Amino acid sequence: MHENDLGVVNDFVIAKLKHKFDVLVIDADNIQRNEVVLAIGMYLRLSITEVGINALVPIIIVSDKTIKSFLHYNQFSQLLLTKNVYFESREGMKIDAVQPLDATKYEDDFLAFINVQPRQGRHSLANQWGASVLDRLLNNGVPSGNDVLNTAAKSLYFKYVLVQTFNVADYLSGKEQPRYAMLNRTKIHANGKRILLIDDEADKGWEYVLKRMIVTNEGDFDVIKRKVASFDAFTKEEKKQIKEGNYDLIFLDLRMNGVAEENIYKPDDFSGMKILKQIKKDSQGTQVIMFTASNKAWNLKALLDAGADGYYIKESPEYKFSNNFSIANYDALRENVQNCLKRSYLRDIDTRMKNIRRLFNINITDLKKSILNQLDVSYELLKDGHFAFAYISLYQTIEMINNEYLDRDDNGVWYIVETNEDAKSWTIGKFHHECVEAKTKEKDHVKYPEWQKMASLYYQLWKQTDKSFGYQIQTLINERNKFMHNDCNSKSDIRNEKGYLTLFDAIEKICALV
């Protein structure tokens, strides 16, 4: 403890003062540095979670020096201002009358008399504290296995902030501690998923804690650690990695340019916001969770408006969030990660829609414009989790195409407009086993169901030979009809992404032929 390493003082207090005792007497004249004497007392008082009730014992500092020689050690000298700390000479030392701190008065008798300040910038501070909070919850209060977080946890400032996040009396009585055990700390298994963390201070503990929280296959969790003011500031390789890495989830820090952004207040001016917009421009289906130390409503709203799929508030020690808030914040992040991983199919859908758009742009028509608009509408519904309505909206493209390519003559016979050829019934002939629904009468006219109209285009006009298509399109349209007539099973695929994806496969084939 003579090497000016406060981490060593912390380790000494936790290791040597965790067993029950009633009074702490420090022989100051046999300790080389007065600062260490005071540091032992301060660390003891702030180590509630490690030494429990011992943190409240009366502290007697014994020295033949004057008390003035202990008053010039910045935050450590504040210990002498607090209650139940005694400064005695050897000859005058008495332990009979000393009293411990009252747990219910910990804040009034101790915290109110001290003010510990951080020794690093706000940006780095928020990153280290935020990661350490998440790590502590994952560890159920056990010390971290990460050197950076472990060192940060030993700092006097972090210990000072920590004791302000819970009620000391409740914690020591056992009321507060079970809240840690209530957490569902099982890991998120994301095998087969690809994750990317973009954070200029990823090495402050975020990479470590997120990799503990989310289990991926080896090599599927990547990190980009660089200070940048915008997307353009990334290297060519990093830009390609972000665009073409096929990531199912990206974690992105709002402030990627360190202290240079501490005085920025407009949401659109933050580096992370600029990067988010570029990611969503390239692929709106890519899931992005923003990390921010800001808890301002307008910043959070701006992130969601810009396309973020969620956010996690990095708990800055300046705000001293309660333990309950930390737990709720953790639970929200966990749920958000799981939801984003489930929605990662949106990235593939978005890519395939872009391919359709590129294909249509070769020869754009009013029909193709209408199809593209309908695809956009269905995607927005899908993105918001309205699966059945997204399905119904996507189905409208089939009706649009049928209405464009087919018509009935005066005798009620359906014909293909482009060739003026009668549309055949594909319930007979070589496709009989795929298309089983018979045509029906509508007054004096033959009624062709929508699936049968599409089948006539697919086989007759576009000369396709996939025998399964007729049955597939019939089944998909029947699902739509059941839903519209309230005859749809609650477990039907139309109520989840599987139904949409199956219908989209068929629509994609059709769009390649239109």
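Not measured: the values here are computed from a predicted model. Along the sequence shown, the residues carry numbers beginning at 1. Computed from heavy atoms alone, side chains included, the values below leave out hydrogens, waters and symmetry copies.
Contact of the L406 side chain with the I416 side chain is registered, since non-hydrogen atoms from C-beta on lie closer than 4.5 Å. Put simply, the side chain of V148 does not reach to within 4.5 Å of the side chain of Y208, judged on heavy atoms. Between D309 and K280, some side-chain heavy-atom pair lies under the 4.5 Å cut-off.
Remark: aromatic rings of W462 and F469 are distant, center separation not under 6.0 Å. If you look at Y500 and Y391, their ring centroids are not closer than 6.0 Å.
Here the OH-CG distance, from Y458 to L461, works out to 12.5 Å after rounding to the nearest 0.5 Å. In this structure, NZ in K368 is found 14.5 Å from CG in N373, a value given to the nearest 0.5 Å. Remark: K225 NZ to E207 CD distance equals 10.5 Å, nearest 0.5 Å. For the atom pair Q241 CD and I224 CD1, the distance stands at 4.0 Å (nearest 0.5 Å). In this structure, OG in S378 is found 4.0 Å from CE in M353, a value given to the nearest 0.5 Å. Once rounded to the nearest 0.5 Å, the distance linking NZ of K463 with CG of L513 reads 13.0 Å.
Between the side chain of R495 and the backbone N or O of N489 there is at least one donor-acceptor pair closer than 3.5 Å. Side chain of E261 to main chain of S271: a donor-acceptor pair is present (N/O by atom type, distance under 3.5 Å, no hydrogens or angles). Side-chain atoms of D384 never come within 3.5 Å of backbone atoms of H386 as a donor-acceptor pair (strictly under, hydrogens ignored). Side-chain atoms of Y312 never come within 3.5 Å of backbone atoms of Y330 as a donor-acceptor pair (strictly under, hydrogens ignored). Checking side-chain atoms of D350 against main-chain N and O of L346 turns up no donor-acceptor pair under 3.5 Å. Using a distance-only test at 3.5 Å, with no hydrogens or angles considered, a donor-acceptor pair links the side chain of S155 to the main chain of F158. Of the possible polar contacts, none joining the D253 side chain to the D200 backbone as a donor-acceptor pair under 3.5 Å is found.
By the 30° and 60° cut-offs, the orientation of the rings of F291 relative to W206 is tilted. Aromatic ring pairs are classed by plane angle as parallel below 30°, tilted from 30° to 60° and perpendicular above 60°; the pair F234 and F231 is perpendicular.
In terms of heavy-atom proximity, V288 sits nearest to I279 at CG2-CG2, 3.9 Å. Closest non-hydrogen pair, I494 versus R480, comes out as CD1-CA, 4.2 Å.
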Self-check item: side-chain contact (heavy atoms from CB on, under 4.5 Å) assessment of K509 paired with Q472
Solution: CA-CA 12 Å; K509 291 178 184 177; Q472 180 190 20; 4.0 Å; yes

Exercise. Carefully, step by step, assess M213 and I188 under the rule side-chain contact (heavy atoms from CB on, under 4.5 Å).
Key: CA-CA 6 Å; M213 184 179 184; I188 298 174; 4.3 Å; yes

Practice problem: Could you go through the side-chain contact (heavy atoms from CB on, under 4.5 Å) check for R194 and T216 one step at a time? | Solution: CA-CA 7 Å; R194 288 180 50 76; T216 62; over 6 Å; no

Practice problem: Dump the intermediate steps for salt bridge (Lys or Arg N to Asp or Glu O under 4.0 Å) on E201 and K314, then the final yes or no. | Solution: CA-CA 12 Å; E201 297 207 344; K314 289 183 175 181; over 6 Å; no

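Side-chain contact check for R358 and N355: at least one donor-acceptor pair (N or O, by modelled atom type) lies under 3.5 Å. At a cut-off of 3.5 Å, with distance as the only test, a side-chain donor of S344 or K193 sits close to an acceptor on the other residue.
Remark: E418 CD is loosely packed, at most 12 non-hydrogen atoms of other residues, nucleotides or ligands lying under 6.0 Å away. Within a 6.0 Å sphere centred on CD of E107, heavy atoms belonging to other residues, nucleotides or ligands number 12 at most.
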